[in-house]
Amino acid sequence: VASSDVLLRVADSLAAQGIASLRFDKIGAGDTGLGKFTAETVGEYGFVDQVDHAAAAADLLATRTGFATSDVLVLGHSEGGLTALALADRGIGDGFGLLQPLPMRYLDLLSAQITAVAESGQLSPDQAEAVRADVPRTVESLRATGTVPADQHPLVAQLGLNEANAKFLAEADRLDPAALAAGLAADTPVLLTCSDKDLNISCAQVDPLRRSLEHTGLQFEHFATANHS
């Protein structure tokens, strides 16, 4: 899973080396669009569904190639890094590429990103204060009930913490990437990347995940100029 054409470029690079790969547009992206969902029902789509779809893709690849799902390499970019680790927890994958991945619980990362917007000067002082006040209670509500507060500030909803995303975010947030990484078998091949130029996920944020992977066959690449997409 990726939010741009990162995995297209990766797939082209693999193909140039004679390595086949399978990609698909997740719900909400590309030709898949909303799939069976509508604008009114997309809130029923959760992170568990996303992992189920990725598992189904692995099953299809196994059927087409004859390789077991436990013998494939799983690559995930950004949010897709969490999907890759969730697949590992299901016994899918024999090696993993975590490309500038989501390195912490989802709502913690979103809180940090939204707070950075509030501190950046892009918002008025009143808006910034409203965001700083409302984000923690929205996160608390999502973790406790899987819903956002009824009186949530509209700007917080515009920044992504909204009812349409509530189920997805609450389900994804239950998974801690570092804990999943710690559960990988020793010497599992893992590629992990971060970049100083990535404005979405910093190398400092990735570092705890890197430490959780030290028992694996980790290859860590610290880039200087690669942006997030």
Side-chain angles (χ1 to χ4, degrees), residues 1-11 13 23 25-30 45-47 50-51 54 74-87 96-123 127-128 131-132 134-136 138-139 142-143 148 155-162 164-166 168-181 190-213 218-229:
V1 179
S3 55
S4 61
D5 65 349
V6 170
L7 294 187
L8 172 60
R9 299 197 300 271
V10 170
S13 178
R23 295 175 293 110
D25 292 328
K26 66 178 183 178
I27 294 292
Y45 177 68
F47 184 74
Q50 179 165 294
V51 180
V74 181
L75 299 174
H77 169 252
S78 191
E79 177 189 290
L82 181 60
T83 304
L85 289 171
L87 290 175
F96 301 89
L98 308 177
L99 311 179
Q100 291 164 237
L102 194 155
M104 62 184 70
R105 289 179 66 184
Y106 212 145
L107 291 174
D108 288 339
L109 180 64
L110 288 179
S111 295
Q113 292 174 338
I114 293 172
T115 299
V117 172
E119 302 295 342
S120 68
Q122 300 176 52
L123 306 178
Q127 288 176 323
V131 167
R132 283 191 291 266
D134 224 30
V135 167
T138 296
V139 168
L142 283 167
R143 286 177 170 166
V148 300
L155 186 54
V156 175
Q158 291 172 24
L159 291 170
L161 298 179
N162 55 55
N165 293 331
F168 186 94
L169 293 175
E171 290 183 355
D173 182 70
R174 294 185 191 121
L175 302 178
D176 182 347
L180 292 172
V190 178
L191 169 65
L192 174 67
T193 74
C194 76
S195 176
D196 294 332
K197 195 177 178 181
D198 191 329
L199 299 180
N200 294 71
I201 296 170
S202 71
C203 286
Q205 290 172 326
V206 169
D207 196 57
L209 178 59
R210 178 191 62 77
R211 293 197 300 270
S212 292
L213 290 163
L218 177 63
Q219 178 181 342
F220 177 55
E221 298 293 341
H222 184 149
F223 300 129
T225 60
N227 62 25
H228 193 67
S229 58

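Below, all heavy atoms of this structure are taken into account, side chains as well, without hydrogens, waters or symmetry copies.
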Side chain to side chain donor-acceptor pair (under 3.5 Å) partners of R132, counting only residues at least two apart: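 Result, side chain to side chain donor-acceptor pair (under 3.5 Å) vs R132: E119, E129.
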
Side chain to side chain donor-acceptor pair (under 3.5 Å) partners of R105, counting only residues at least two apart: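 By the side chain to side chain donor-acceptor pair (under 3.5 Å) rule, R105 matches D173.
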
Would you check if [X] and [Y] make a side-chain contact, meaning some heavy-atom pair closer than 4.5 Å?
X	Y	result
L123	L155	yes
Q219	V190	no
V131	V117	no
L109	Q205	yes
H222	R210	no
P101	L209	yes

Name all residues meeting the side chain to side chain contact (heavy atoms under 4.5 Å, CB included) criterion together with [X]; count only those two or more places apart in sequence or in a different chain, and write none if there are none.
X	value
N165	N162, L169
Q122	S120
N227	S229
R23	L7, L8, A11

Parallel, tilted or perpendicular: ring planes of F47 versus F168, cut at 30 and 60 degrees: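 Rings of F47 and F168: perpendicular, as their planes differ by over 60°.
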
Inter-residue atom distance Q113.CD - T115.OG1, 0.5 Å rounding: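 OG1 of T115 is found 10.0 Å from CD of Q113.
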
Rounded distance [0.5 Å steps], CE in M104 versus CG in L82: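 M104 CE to L82 CG: 12.5 Å, rounded to 0.5 Å.
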
Passing option when L191 is tested against L75, L98, L99 for side chain to side chain contact (heavy atoms under 4.5 Å, CB included):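 Going through L75, L98, L99 one by one, the side chain to side chain contact (heavy atoms under 4.5 Å, CB included) with L191 is satisfied by L99 alone.
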
Qualifying residues under salt bridge (charged side-chain N to carboxylate O under 4.0 Å, His left out), relative to D176, sequence neighbours excluded: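 By the salt bridge (charged side-chain N to carboxylate O under 4.0 Å, His left out) rule, D176 matches no residue at all.
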
Under the salt bridge (charged side-chain N to carboxylate O under 4.0 Å, His left out) test, residues paired with D25 that sit two or more places apart: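 Partners of D25 by the salt bridge (charged side-chain N to carboxylate O under 4.0 Å, His left out) criterion come out as none, since no residue qualifies.
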
Working for side chain to side chain donor-acceptor pair (under 3.5 Å), residues Q50 and E171: CA-CA 10 Å; Q50 179 165 294; E171 290 183 355; over 6 Å; no

Pairwise salt bridge (Lys or Arg N to Asp or Glu O under 4.0 Å) hits with a residue in residues 192-201, at least two apart: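 Passing the test, one end in residues 192-201: no pairs.
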
Sequence neighbours excluded, every pair satisfying salt bridge (Lys or Arg N to Asp or Glu O under 4.0 Å) that has a member inside residues 220-229: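 Matches after skipping sequence neighbours: none remain.
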
Side-chain donor-acceptor pair present, Q100, S78, cut-off under 3.5 Å: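 The answer is no; no qualifying pair exists.
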
Ring pair (Phe, Tyr, Trp, His ring centres under 6.0 Å) partners for F220, two or more places apart: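 None.
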
